[in-house]
Amino acid sequence: MEILNQWAFIGIFAVMAPIFPALPILIAWVLRPSKPNVLKSQTYECGVETVGDTWVQFRVQYYIYGLVFLVFDVEMVLLFPWAVAYNRLDFFAFAAGLLFIFLLFDGLLYAWRKGVLVWR
Amino acid sequence: MDCPGLCEALVQGGANPGLAQFLSLFVGVVLVSGIPLVTVIVLILVERKVAARIQDRIGPNRVGPFGSLQTFADLLKLLTKEDITPTAADRLLYNAAPLVSFASVVLIWAVIPYTPYHFGADLEIGALYFVAVASLGTLAIMTAGWASNNKYALLGAFRVVALLVSYEIPLVFALMVPIMLAGTLNMLDIIYAQSSMWFVFMAPLAMLLFAISSQAETGRAPFDLIEAESELVAGFNIEYSGMKFGMFFAAEFMHVFTNAILLTIFFFGGWLGPLWNEPLIAFAWLGLKASLIYFVFLWVRNTVPRLRIDQVMRFNWFFLVPVSIGNLLLTALLLKLMQELGLAPRVLQTATLGEVLPMTLVLLLANLGIIALILGRLRTTGRSERLATGGGAGSMAVAAGD
Amino acid sequence: MEFNAITLAFIVFSLVTLGGGIGVVTCINLFRGTIWLMVSLFGMAGLFILLSAPFLAAVQVLVYIGAIAILFTFAVMLTRSITHLPVRFTRLWANAFAAGAFFVLLVAGVIYPVWVVNDAVHFPVSDVTRTTADLGVALVSGNGFVLPFEVASLLLTAAMIGAIVIARDVDDEL
Amino acid sequence: MIPLWMYLVVAAALFCIGMFGVLARRNGVGVLMSVELMLSAVNLNIVAFWRYSTPENTTGMVFAAFLFVVAAAEAAVGLAIIISVYRNRHSVIPEEADTLKG
């Protein structure tokens, strides 16, 4: 139960954390003037009228950055236990980690070669 | 149930044990989270003063002695500013985004050990908790950009998010080096593992990588190309005004100092220093080290020019990521070799200075070797690029990688 | 079963998980759907903590909220007409009935007879749980899961290369 | 302490919600999100069984960790396919992309 006690702290903290920024916003909501008009609450576009739809088509390169990050993120998830247990293990652990990262690096190498990681 | 300190006093005073425990936890939460909230008010003033001195100005000096009340004046101004919500916005998500952004930074402080005896939660997975919570901030930025229903906000958010996720990779690979050396994810154990030798001497390169990528995670100069506050509209928070904008702003300031504290804990021994057994002295050590690192962050911010987004991305994918992976593997190899030869202790928490000295020397030399190699390569690449572009200034900024 | 803080936490996290799930399958706007998915998976991270698997909880937040959510939002923006799809569902009532019937079948046919009445496994057999370091030892020691560990890396690399090949613009070719 | 069957009921409910989404959603991205829900429900089951029957063993944790890998790979490739189909046919409705040609 000792462990859950620590997490109870995190739980209360997680509930409290958004309340701290919410308080000044609430106070401001009471204090501030509020005189909205049509022009003021339009979408800002460098002073001119908004043109077209906001959901414009984006380039696929954003998706590819997200994709490469996702793959690395999941790899890191498996590498964290490896790093934590590293001191307890023998030389075989290094070989396993090396192979793991080598396989991952192959994918990165492919992405480099295809030039998808160059911002355009 | 385990219930020391305040909780025990409450139970003896006749309170319900469950309620007493909740109250003591609640008081703990308020105390722990109070520290970052108070610090951020001081930080904003410090930041402005330091920036002014670096730029040969005086900085705020009207409100209070040496302008010390300037932040409160600004706070009052923000409180009375009209808060405009665009009609096209998704109101729920638009209002939630600044809260999540701020909370994602405050939540990190729950696992930071202020002294050997005072900390929020002593989690087994403290370091992973920090990485996980910090990723909430990315989602907050995405939500802010989308909910504003503005092309510039959305485009700005996309670019910030692409930048943030890119720089999280070297950040975590650099973080893995101290974790591997300490053999634990627990923040307290990571600090105790440095009791005979700080990790900065064993892994200076990992320290540099962590510092660079955490600076990028905060989205500050030289990585503030998305906000570019002096030239462009503000990026993802363009539609935010008043206190909601203030919350994004405060979160950014707090994030920088949080990163300084984390760097202190992972590489500079946290509260370790002479007489660290005394809570107050330990706290002072942590604050002193973090403030020095924070000053270096400010220095970098105010002196290094802003980079273009293609340069920033290239710097990350073709330089930081391979270097951080190589650094991790080299550290792992050397560590394992020395452990197998009996030159390095397997448990650093109880090791003496004599035991860790050989491994420190080897790792330090290896790190310095890599740094020398990188600098040499950068010099040749930079020179050839300068020659190719006829001495153009732009090519000097990031000449790394390919 | 007495009512205490853990029970309360379990109820809250279950409601968050299931509510988020319902939000995912019913929302019109897919960006909001992504947010609902994150809410649901955040609740599940809480359940993992109650099951004394804090490592998995942190990984849940890191992988889903840090990475998969970002990927989904990028994909939603890339396929823009998605947010204005006129028809949300196909054969709404038939499918809802099928899913509901399946749930009743699972609870009444499997969970109730085996784990409620039968009392085979009701409470944890021990409070000793494994830590992250033990997981690491199991992952890379020779008699552990070292082969799946490497295959996981291979799978991810294959997924990355495959997804890049599929998603890349033709004019992105250098 | 919460009995095991409560976790199983929550997991079953989440699985069925996900299943409904997979069957009924017309939008490809929505279908993928529902698949993520189903995978998560499976993960909850695995972790619950691990905790209640063999907590002194690491197998359950290892399985759960690998399920994250599978979920990530599924999301990555699935979304890439949807983006590709969308680019070629300007549609995200799975039934309309049934010719198996890019």
Got more than 12 heavy atoms from elsewhere within 6.0 Å of CZ, C:Phe42? no
Taking side chain as C-beta onward, heavy atoms only, is [X] less than 4.5 Å from [Y]?
{"X": "D:Met61", "Y": "C:Asp134", "value": "no"}
{"X": "D:Trp50", "Y": "C:Leu51", "value": "no"}
{"X": "C:Asn95", "Y": "D:Arg25", "value": "no"}
{"X": "C:Phe103", "Y": "D:Val9", "value": "yes"}
{"X": "C:Phe102", "Y": "D:Phe20", "value": "no"}

Can you tell me how far the [atom1] atom of [X] sits from the [atom2] atom of [Y], to the nearest 0.5 Å?
{"X": "D:Ile2", "Y": "C:Thr7", "atom1": "CD1", "atom2": "OG1", "result": "5.5 Å"}
{"X": "D:Ile81", "Y": "C:Ile166", "atom1": "CD1", "atom2": "CD1", "result": "4.5 Å"}
{"X": "D:Met6", "Y": "C:Ile111", "atom1": "CE", "atom2": "CD1", "result": "12.0 Å"}
{"X": "D:Leu8", "Y": "C:Leu106", "atom1": "CG", "atom2": "CG", "result": "10.0 Å"}
{"X": "D:Phe66", "Y": "C:Leu155", "atom1": "CZ", "atom2": "CG", "result": "10.5 Å"}

Using a cut-off of under 4.5 Å on heavy-atom pairs, state which of [options] scores highest against chain D.
{"options": "C:Ser52, C:Ala158, C:Ser153, C:Gly100", "answer": "C:Ser52"}
{"options": "C:Val107, C:Ile22, C:Val165, C:Val110", "answer": "C:Ile22"}
{"options": "C:Phe72, C:Phe145, C:Phe55", "answer": "C:Phe72"}
{"options": "C:Ala96, C:Ala53, C:Ala67", "answer": "C:Ala96"}

Side chain / backbone / both / neither for C:Leu139 at chain D, heavy atoms under 4.5 Å: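 The answer is the side chain of C:Leu139.
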Examine whether an atom of C:Thr34 lies under 4.5 Å from a heavy atom of chain D, and if so say whether it belongs to the side chain, the backbone or both; otherwise answer neither. both
Step by step, work out the side chain to side chain contact (heavy atoms under 4.5 Å, CB included) result for D:Tyr7 and C:Leu50. CA-CA 10 Å; D:Tyr7 284 103; C:Leu50 289 183; 3.4 Å; yes
Pairs under 3.5 angstrom only: tabulate donor-acceptor contacts from the side chains of residues 35-44 of chain D to other protein residues two or more places apart or in another chain.
| residue | atom | partner | partner atom | Å |
| --- | --- | --- | --- | --- |
| D:Glu36 | OE1 | C:Tyr64 | OH | 3.4 |
| D:Ser40 | OG | D:Glu36 | O | 2.9 |

Nearest heavy-atom neighbours spanning C:Leu56 and D:Ala64: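 Closest heavy-atom pair between C:Leu56 and D:Ala64: CD1-CB, 3.6 Å.
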Determine the minimum heavy-atom distance between D:Ala72 and C:Ile68, stating which atoms define it.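 For D:Ala72 and C:Ile68, the tightest heavy-atom pair comes out as CA-CD1, 4.1 Å.
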Counting heavy-atom pairs under 4.5 angstrom with chain C, the leader among D:Val69, D:Ile83, D:Val10, D:Leu79 is D:Leu79
Could you walk me through whether D:Leu14 and C:Met44 pass the side chain to side chain contact (heavy atoms under 4.5 Å, CB included) test, one step at a time? CA-CA 10 Å; D:Leu14 191 65; C:Met44 184 153 298; 3.3 Å; yes
